[in-house]
Amino acid sequence: MNPILNELNPVQQQAAQIKDGPILILAGAGSGKTKTLTHRIAYLIKHHNIPARNILAVTFTNKAAEEMQTRINRILPQSNSLAWMGTFHSICVKILRRELNKTNLGFTSNFTIFDDQDQLSIIKKILKELSLDPPKINPRAVRAFIENAKNEAQTADEMEKFSRGEFQKIANQIYHLYEKYLKSQNGLDFDDLLIKTVALFNLYPEILKKYQNIFCYILVDEYQDTNQIQYQLIKLLARQHLNLCAIGDDSQSIYQFRGADFRNILNFEKDYPNVQVIKLEQNYRSTKNILKAAQDIIEKNLHRTDKTLWTQNPKGAPITLAGLEDEQEEALFIISEIKSLRQTGVKPSDCVVLYRTHAQSRAIEEQLIKTNLGYKIIGGVSFYQRSEIKDILAYVKLLANPHSRISLERIAGKPPRGIGAQTLIKGGKKLNDFLKLMENIRLISREKKPAEIIDLVARRTGYKDWLLENSPEAESRWENIKELKTVAQEYDNLADFLEKTALHQPTDQIEDEAEKIHLMTFHNVKGLEYPIVFMVGMEEGLFPHSRSLLEPQELEEERRLCYVGITRAKKRLYLTHAQSRRFFGSFQSNPASRFLDELPNDILDII
DNA sequence: AAAGAATGGCTTTTT
DNA sequence: GCCATTCTTT
């Protein structure tokens with residue numbers, strides 16, 4: 001048999017072998033989804049002789065894309081021609097960089113990417129101009145308004161008719177101004193990357209045609225998490241060849257809050273007639289008990305497609321359910337369990353602690369530090385959001401793009417050089433001197449590589465000295481900048497380096513340090529698996545989150561999130577809740593989560 | 001204009 | 001309890 005196929009079960013083989021036409025793979029948790037996908041790509045290349053460059057595989061995280069690439073390299077070590085593989089956002093950036101100059105969409109190919117903090121500062125700036133200061137209008141709420149609109153592919157003009165009430169009217173007014181500002185800065189936010197690509201394809205059919213011809217075979221991972229724009233994008237690209245393979249699981253749709261619409265996966269068969277549907281229902285990951293727990297939870301949702309996961313794995317240990325005094329006891333319980341598991345050969349890196357909100361990590365961290373156990377928080381305050389990193393990147397961005405107002409404003413006063421808000425508006429000698437300095441550095445940096453430029457800019461602008469003299473944690477901050485230099489060493493030019501930092505979120509860099517326990521949110525753990533899983537803070541108001549309690553739809557999303565958490569576990573699952581815990585400084589007691597009541601009693605071990 | 005001190009607002013989840 | 005913004009002093 002073909003060596004690419006012999007690791008697959010019959011259904012997986014079928015999914016890998018189909019060459020043409022639309023395919024929908026409904027892949028339950030732990031059913032070998034990534035394996036099937038990678039082997040399918042390998043089979044297309046090796047067996048059907050499809051050039052790798054004609055294959056597009058879209059994922060939701062950079063990590064998933066990298067994982068896929070590594071696995072394909074393992075199956076086809078000799079093939080070095082790469083398929084197009086990446087997140088929706090990174091693929092769109094590639095296309096926009098190539099094509100925008102040929103269009104009159106109002107942006108050029110060297111656009112800058114604005115992250116969520118940039119968005120917020122733009123909105124605050126606009127609020128100030130309108131004299132609507134933050135107490136009156138919450139900038140974050142405005143950002144949410146704009147994001148929601150963009151996720152639904154609604155322009156500010158189109159939103160006009162949907163905007164009811166004072167807040168929405170003002171928010172939409174800001175949306176208009178925000179778009180104007182972005183355009184004046186040649187800037188695109190995350191959503192724009194997708195929106196402008198779709199606009200490009202709609203307005204320039206010859207460009208669309210070009211990419212339709214490049215992407216003869218398209219695979220989309222986590223199809224249940226696509227939003228309206230992503231749906232449109234794929235539809236445009238796949239229209240010509242119809243060789244679209246969508247993979248997903250509606251039970252694991254957890255991003256509706258940012259516009260994902262799992263009806264996209266439910267409607268796939270209507271959108272693409274003659275689709276071949278393949279169901280992967282055998283779970284290779286978890287014990288029977290864990291799977292039973294997951295199944296019992298998800299069955300409480302009214303909106304779902306019926307499917308049954310099964311496994312040949314053993315029944316395994318019962319699910320441990322523990323009620324603790326407070327969040328510190330909860331942390332101590334986890335630690336003592338991990339310690340005793342270690343006696344049986346479990347490594348700390350086999351364990352993951354999952355929580356609903358980042359804020360919950362602190363209590364666990366504190367106890368882990370006390371007991372000298374190594375840990376690694378995935379997500380949370382990202383490396384790229386640390387102020388010293390953002391400062392240095394702002395300097396570097398300013399070198400790459402002298403017009404980047406937002407970068408200039410960030411670093412004009414770091415270190416202090418007598419340039420404040422007033423000078424930035426009215427100009428003056430001090431500002432001119434600074435701009436001259438930057439111009440000088442720019443000239444010198446032309447010949448240099450990104451890592452050297454970071455060093456150059458940190459020294460010449462006096463940033464390094466200022467940081468070392470004034471910051472209490474100067475050393476660790478400078479260490480972070482050195483870390484950034486290490487990242488930069490992988491790049492030959494500034495543009496590529498900046499691209500990476502703009503799109504790469506911290507979730508993407510999980511190092512496999514064997515001695516460290518991983519801590520992360522339920523959202524971050526999607527797509528991963530661990531032998532031992534701790535789900536903490538299983539309390540009403542926390543999980544399900546209080547903000548989800550009013551809307552049945554949102555409650556169902558919480559339940560799917562719970563399902564995702566449970567199905568990460570291979571061998572053992574712990575669920576814990578605390579009688580009371582600190583919220584915003586004061587104590588609050590929450591009843592145990594309703595999800596715990598939904599578990600079958602006969603597989604529980606209650607402490 | 002900058003640095004330090006005090007106040008108030010708030011936290012769901014993320015590419 | 002923490003953060004970001006605002007107020008006060010230098």
Side-chain angles (χ1 to χ4, degrees), chain A residues 58-65 86-93 113-117 119-121 124 127-128 133-135 138-141 143-144 147 150-151 188-194 222 225-227 229-230 253-260 327 354-363 366 378-382 384-385 387 412-424 426 428 430-431 466 470 502-508 520-526 537 541-549 554-555 557-558 560-562 564-565 581-588:
Chain A
V58 193
T59 60
F60 270 76
T61 62
N62 293 299
K63 178 166 59 65
T87 61
F88 272 103
H89 294 84
S90 70
I91 302 274
C92 286
V93 169
I113 299 169
F114 283 61
D115 68 16
D116 42 1
Q117 284 185 31
Q119 288 183 295
L120 214 53
S121 43
K124 283 177 190 164
L127 284 171
K128 211 159 220 166
D133 288 335
N138 177 354
R140 283 163 194 275
R143 181 177 62 187
E147 272 179 354
K150 289 193 170 193
N151 281 330
L188 298 177
D189 63 28
F190 280 136
D191 299 318
D192 284 336
L193 298 175
L194 309 174
E222 311 279 13
D225 281 332
T226 50
N227 65 22
I229 313 153
Q230 290 161 340
S253 158
I254 55 173
Y255 284 108
Q256 276 180 68
F257 74 92
R258 67 165 207 229
E327 76 272 17
L354 303 177
Y355 36 77
R356 182 63 179 79
T357 65
H358 285 301
Q360 289 167 258
S361 69
R362 177 156 277 113
E366 280 167 6
I378 289 134
V381 180
S382 121
Y384 290 108
Q385 312 220 338
S387 64
K414 296 175 185 178
R417 33 175 95 83
I419 303 169
Q422 290 308 311
T423 313
L424 277 171
K426 294 179 183 145
K430 286 173 175 168
L431 182 60
W466 174 71
N470 291 288
L503 292 173
H504 240 270
Q505 292 296 307
T507 330
D508 304 332
M520 68 185 97
T521 63
F522 287 103
H523 283 86
N524 270 328
V525 82
K526 181 144 154 211
L542 241 189
F543 194 29
H545 194 273
S546 54
R547 298 227 180 172
S548 72
L549 298 177
E554 290 182 30
L555 189 68
E557 177 146 308
E558 295 285 303
R560 289 192 295 271
L561 194 55
C562 183
V564 167
R581 69 173 66 235
R582 265 200 309 219
F583 264 118
F584 300 99
S586 55
F587 276 93
Q588 190 179 319

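Just so you know, these numbers use all the heavy atoms, side chains as well, and skip hydrogens, waters and symmetry mates. In what follows, every chain begins at residue 1, and chains take the letters A, B, ... in the order their sequences are listed. Given the structure is predicted, the values throughout are model-derived calculations rather than measurements.
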Enquirer: Return the nearest nucleotide to the side chain of Thr357(A); candidates are dT13(B), dG1(C), dT15(B).
Expert: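 Shortest atom-to-atom distance from the side chain points to dT13(B).
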Enquirer: Taking the side chain of Arg547(A) as heavy atoms from C-beta outward, which of dT14(B), dT11(B), dA3(B) is closest to it?
Expert: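 Selected nucleotide: dT11(B).
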Enquirer: Would you mind telling me which of dT14(B), dC2(C), dT5(C) lies closest to the side-chain atoms of Lys124(A)?
Expert: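 In terms of side-chain proximity for Lys124(A), the closest of dT14(B), dC2(C), dT5(C) is dT5(C).
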Enquirer: When you measure from the side chain of Asn524(A), which nucleotide among dT11(B), dG1(C), dT14(B) comes out closest?
Expert: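 For Asn524(A), the side-chain atoms sit closest to dT14(B).
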Enquirer: Identify, with sequence neighbours excluded, every residue that meets salt bridge (charged side-chain N to carboxylate O under 4.0 Å, His left out) alongside Glu558(A).
Expert: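 Once residues adjacent in sequence are excluded, the partners of Glu558(A) under the salt bridge (charged side-chain N to carboxylate O under 4.0 Å, His left out) criterion are Arg356(A).
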Enquirer: Strictly below 4.0 Å: does Thr521(A) bring a side-chain N or O up to OP1 or OP2 of dT14(B)?
Expert: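 Indeed, a polar side-chain atom of Thr521(A) lies that close.
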Enquirer: Would you mind reading off the distance between Phe88(A) atom CZ and dT14(B) atom P, rounded to a whole angstrom?
Expert: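 Rounding to the nearest Å, CZ of Phe88(A) and P of dT14(B) are 19 Å apart.
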Enquirer: On DNA chain B, does the nearest nucleotide to Arg143(A) precede the nearest nucleotide to Gly413(A) from the 5' side, or the other way round? Give the residue.
Expert: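 Mapping each residue to its closest nucleotide by heavy atoms, the 5'-most match is Gly413(A).
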Enquirer: How many Å lie between CH2 on Trp466(A) and P on dA2(B), as a whole number?
Expert: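 Answer to the nearest Å: 11 Å.
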Enquirer: Test of understanding: with salt bridge (charged side-chain N to carboxylate O under 4.0 Å, His left out), list the residues that count as partners of Glu222(A), not counting sequence neighbours.
Expert: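 Lys33(A), Lys526(A).
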Enquirer: If you pin Glu558(A) and Ala412(A) to their nearest nucleotides in DNA chain B, which one's is more 5'?
Expert: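 Checking each residue's closest nucleotide, the 5'-ward one belongs to Ala412(A).
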Enquirer: Could you check which of dT14(B), dT15(B), dA3(B) has an atom nearest any side-chain atom of Thr61(A)?
Expert: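 Selected nucleotide: dT15(B).
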Enquirer: My understanding is that only residues two or more places apart in sequence, or in another chain, count here; which of them pass ring-ring contact (aromatic ring centres under 6.0 Å, His included) with Phe88(A)?
Expert: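 Once residues adjacent in sequence are excluded, the partners of Phe88(A) under the ring-ring contact (aromatic ring centres under 6.0 Å, His included) criterion are Phe60(A).
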Enquirer: Going by the rule salt bridge (charged side-chain N to carboxylate O under 4.0 Å, His left out), which residues pair with Arg143(A) if we only count those two or more places apart in sequence or in a different chain?
Expert: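 None.
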Enquirer: dT15(B), dT13(B), dT11(B): which one has an atom nearest the side-chain heavy atoms of His523(A)?
Expert: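 It is dT13(B).
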Enquirer: Please determine, for the side chain of Arg140(A), which listed nucleotide (dT11(B), dT13(B), dT15(B)) has the closest atom?
Expert: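 Side chain of Arg140(A) sits closest to dT11(B).
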Enquirer: Without decimals, in angstroms, what is the distance between Asn138(A) CG and dA4(C) C1'?
Expert: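 Rounding to the nearest Å, CG of Asn138(A) and C1' of dA4(C) are 12 Å apart.
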Enquirer: Answer with base, sugar-phosphate or nothing: what part of the nucleic acid does Tyr255(A) contact at a heavy-atom distance below 4.0 Å?
Expert: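 Sugar-phosphate: the residue Tyr255(A), judged by heavy atoms under 4.0 Å, touches backbone atoms but no base.
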Enquirer: Nearest to the side chain of Asp116(A) - dT5(C), dT15(B), dT13(B)?
Expert: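 Closest of the options to the side chain of Asp116(A): dT15(B).
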Enquirer: What pattern of brackets, bars and dots sums up DNA chain B from 5' to 3', given Watson-Crick or G-U wobble pairs under 3.5 Å, [ ] for crossing pairs and | for another strand?
Expert: ||||||||||.....
Enquirer: For the side chain of Phe257(A), starting at C-beta, report the closest nucleotide among dT13(B), dC2(C), dT11(B).
Expert: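 Selected nucleotide: dT13(B).
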Enquirer: Would you kindly give the CD-to-P distance between Gln588(A) and dG1(C), to the nearest whole Å?
Expert: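 Between P of dG1(C) and CD of Gln588(A): 15 Å.
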Enquirer: Provide, to the nearest angstrom, the distance between the CD1 atom belonging to Ile229(A) and the P atom belonging to dT14(B).
Expert: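 Between P of dT14(B) and CD1 of Ile229(A): 19 Å.
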Enquirer: If I take atom CD in residue Gln360(A) and atom P in nucleotide dT11(B), what distance separates them, rounded to the nearest angstrom?
Expert: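 Rounded to the whole Å, the gap is 16 Å.
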Enquirer: Between P on dT14(B) and CD on Gln256(A), what's the gap in Å once rounded to a whole number?
Expert: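 After rounding, the gap between these two atoms is 16 Å.
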Enquirer: Given side chains that start at C-beta, do those of Ile113(A) and Val93(A) come closer than 4.5 Å, heavy atoms only?
Expert: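 A side-chain contact exists here, since the closest heavy-atom pair is under 4.5 Å.
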Enquirer: The criterion is salt bridge (charged side-chain N to carboxylate O under 4.0 Å, His left out); which residues satisfy it with Asp192(A), sequence neighbours excluded?
Expert: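 Result, salt bridge (charged side-chain N to carboxylate O under 4.0 Å, His left out) vs Asp192(A): Lys150(A).
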Enquirer: Which class fits the ring pair Phe257(A) and Tyr255(A): parallel under 30°, tilted 30 to 60°, perpendicular over 60°?
Expert: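 Rings of Phe257(A) and Tyr255(A): tilted, 30 to 60°.
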Enquirer: Any chance you could measure Phe543(A), atom CZ, to Gln360(A), atom CD, to the nearest 0.5 Å?
Expert: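 That separation rounds to 10.0 Å.
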Enquirer: Using whole Å, what does the distance between atom C1' of nucleotide dA1(B) and atom CG of Leu431(A) come to?
Expert: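 Between C1' of dA1(B) and CG of Leu431(A): 14 Å.
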